[in-house]
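These notes concern the structure reproduced below.
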Amino acid sequence: NHTKRIPFEKRLELIPNKVGKRLVQIMLQKKTCLCVAADVTTCSQLLQLADHVGPFICLLKTHVDILTDFDKQSLVQLKALADKHNFLIFEVDRKFADIGNTVKQQFSGGVYNIVSWADIINCHTLPGPGIIDGLKEAAIEYHGKKKENEIYHGLLLLAEMSSEGNLITPDYTRHSVALAEHEKYKEFVIGFISMGKVSSNPTLLHMTPGVSIQNKGDNLGQQYLTPEHVICEKGTDVIIVGRGIYQSKDPAKSAKEYQDKSWEAYLKSLNN
Ligand code: BMP
């Protein structure tokens with residue numbers, strides 16, 4: 001993180017992926033670097049939370065597999081809320097981690113049919129490049145287009161994790177960065193889940209979980225840093241906040257607070 005931060009306006013022109021571009025556009029329009037991790041367990045809670053925090057976020061991250069009453073109709077409603085409040089949806093915690101052929105089916109098949117509604121997905125890099133190839137094939141086939149620049153999904157690679165004792169090494173992170181920067185994936189991979197800036201390529205976005213203003217961690221290994229720390233010191237672009245927002249008494253008010261803090265930190269980091 002020694003290089004100066006490049007303003008989002010400049011990066012917007014360079015990003016080839018449509019989802020990545022739209023995300024940065026939304027961040028600039030709404031002045032927010034906040035992604036809410038909506039880790040609630042029912043569809044009605046999810047929709048209510050999305051409606052409350054919608055005005056303050058660029059992205060809503062969901063864990064569809066923790067919903068006890070998952071149904072596709074709710075996803076249609078969630079999409080409508082995303083349009084109403086102008087945010088994207090990030091089906092993150094599928095965290096694909098298998099061989100290319102399997103993840104291709106997991107992405108496009110099953111009851112969730114993720115390819116048909118998620119804008120952004122993510123995967124572990126442990127299996128090697130085949131995992132990205134498999135997901136990319138599913139995305140291209142879904143749209144029935146063979147032209148790579150028509151891909152309308154964005155993939156984030158897990159380059160680092162927030163949990164205590166995780167097994168990711170600096171070498172693993174470097175290899176993940178090399179995969180993301182590979183020419184072959186430039187239309188599809190939009191960035192990383194990481195603890196801070198891991199690549200100086202301005203087209204790749206960094207999103208960081210483990211962010212809280214109040215807490216230092218939980219009793220299952222989660223570790224928290226503040227919005228200012230991860231944006232100014234670690235150079236990340238988007239903060240991912242779950243319990244700090246959805247467990248607060250007033251999620252909309254908390255979301256506004258994280259939004260303001262994230263944008264202030266971004267502006268401050270431009271002058272660092
Ligand atoms: P919380 O702010 O409540 O700790 O939630 C963090 C969110 O980010 C969770 O949805 C978790 O699955 C996700 N996450 C994480 O905490 N650390 C990682 O390394 C990767 C994640 O996706």
Side-chain angles (χ1 to χ4, degrees), residues 8 19 22-71 73-93 117-120 122 156 162 193 205-218 222-232 236-269:
F8 287 130
V19 186
R22 236 184 96 202
L23 182 66
V24 174
Q25 258 159 3
I26 294 172
M27 292 170 75
L28 284 164
Q29 279 164 4
K30 294 172 77 176
K31 299 192 189 321
T32 180
C33 307
L34 174 63
C35 165
V36 164
D39 298 340
V40 292
T41 53
T42 65
C43 289
S44 64
Q45 286 174 315
L46 176 62
L47 294 171
Q48 197 181 44
L49 180 66
D51 204 19
H52 286 161
V53 303
F56 314 108
I57 63 174
C58 55
L59 193 59
L60 187 87
K61 178 176 99 59
T62 67
H63 274 288
V64 284
D65 52 1
I66 64 174
L67 293 168
T68 52
D69 57 351
F70 172 81
D71 72 285
Q73 194 43 42
S74 299
L75 291 182
V76 175
Q77 287 173 261
L78 187 61
K79 276 279 185 207
L81 288 172
D83 288 342
K84 173 179 163 192
H85 294 299
N86 193 23
F87 62 78
L88 298 184
I89 304 172
F90 170 14
E91 201 289 9
V92 69
D93 269 309
W117 60 276
D119 297 306
I120 296 174
N122 72 345
L156 295 163
S162 64
I193 298 294
L205 298 166
H206 296 87
M207 305 195 187
T208 301
V211 176
S212 174
I213 295 170
Q214 248 119 49
N215 295 322
K216 293 272 169 282
D218 67 12
Q222 177 67 301
Q223 307 174 109
Y224 290 118
L225 295 168
T226 63
E228 173 159 5
H229 187 90
V230 296
I231 293 171
C232 293
T236 202
D237 300 310
V238 175
I239 56 168
I240 299 175
V241 184
R243 285 164 283 183
I245 290 175
Y246 70 79
Q247 281 185 350
S248 80
K249 276 202 203 89
D250 186 344
K253 194 170 157 223
S254 303
K256 169 99 178 73
E257 191 184 350
Y258 279 92
Q259 172 200 4
D260 289 344
K261 285 215 167 8
S262 75
W263 198 253
E264 270 167 37
Y266 162 67
L267 293 178
K268 188 177 159 201
S269 71

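Listed here is the closest heavy atom pair of Cys43 and Ser74: CB-OG, 3.3 Å. Of all non-hydrogen atoms in Val53 and Ile245, the two that sit nearest each other are CG1-CG2, 3.9 Å.
At distances below 3.5 Å, not a single donor-acceptor pair connects side-chain atoms of Thr41 with backbone N or O atoms of Thr68. In this structure, the side chain of Lys79 engages the main chain of Trp117 through a donor-acceptor pair within 3.5 Å. When atom types are taken as modelled, the side chain of Gln223 and the backbone of Gly217 share no donor-acceptor pair closer than 3.5 angstrom. When atom types are taken as modelled, the side chain of Thr32 and the backbone of Phe56 share a donor-acceptor pair closer than 3.5 angstrom.
Residues Tyr258 and Cys35 have side chains not in contact (no heavy-atom distance under 4.5 Å, counting atoms from C-beta outward). Put simply, the side chain of Met207 does not reach to within 4.5 Å of the side chain of Asn122, judged on heavy atoms. Residues Arg22 and Val19 form no side-chain contact, since every pair of their non-hydrogen atoms from C-beta on lies 4.5 Å or further apart.
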Check the pair Met27 / Val238 against side chain to side chain contact (heavy atoms under 4.5 Å, CB included), numbers first and verdict last.
CA-CA 9 Å; Met27 292 170 75; Val238 175; 3.7 Å; yes
Show the numbers, then the answer: is there a side chain to side chain contact (heavy atoms under 4.5 Å, CB included) between Lys31 and Asp260?
CA-CA 8 Å; Lys31 299 192 189 321; Asp260 289 344; over 6 Å; no
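Every residue was checked against the salt bridge (Lys or Arg N to Asp or Glu O under 4.0 Å) condition with Lys30, not counting sequence neighbours, and none meets it. Scanning for salt bridge (Lys or Arg N to Asp or Glu O under 4.0 Å) contacts around Asp69 gives an empty result, with sequence neighbours left out.
Considering Thr42, Asp65, Leu75 in turn, Leu75 is the only one that fulfils the side chain to side chain contact (heavy atoms under 4.5 Å, CB included) rule with Phe70.
Taking CD from Gln247 and CD from Gln214, the interatomic distance works out to 12.0 Å, rounded to the nearest 0.5 Å. Rounded to the nearest 0.5 angstrom, Ile239 CD1 and Thr208 OG1 are separated by 9.0 Å. Note that CD of Gln48 is 11.0 Å distant from CG of Leu81, once rounded to the nearest 0.5 Å. In this structure, Leu78 CG and Leu46 CG are separated by 5.0 Å, a value rounded to the nearest 0.5 Å. The CD1 atom of Ile240 sits 11.0 Å away from atom CG of Leu60, with the distance rounded to the nearest 0.5 Å. Atom-to-atom distance recorded for Cys58:SG and Leu23:CG is 5.0 Å, nearest 0.5 angstrom.
Donor-acceptor pairing under 3.5 Å is recorded for the side chains of His85 and Asp51.
Using the six-membered ring where Trp is involved, Trp263 and Tyr266 have ring planes that are tilted, between 30° and 60° apart.
Counting non-hydrogen atoms of neighbouring residues, nucleotides and ligands closer than 6.0 angstrom, the CD atom of Gln29 exceeds 12 such neighbours.
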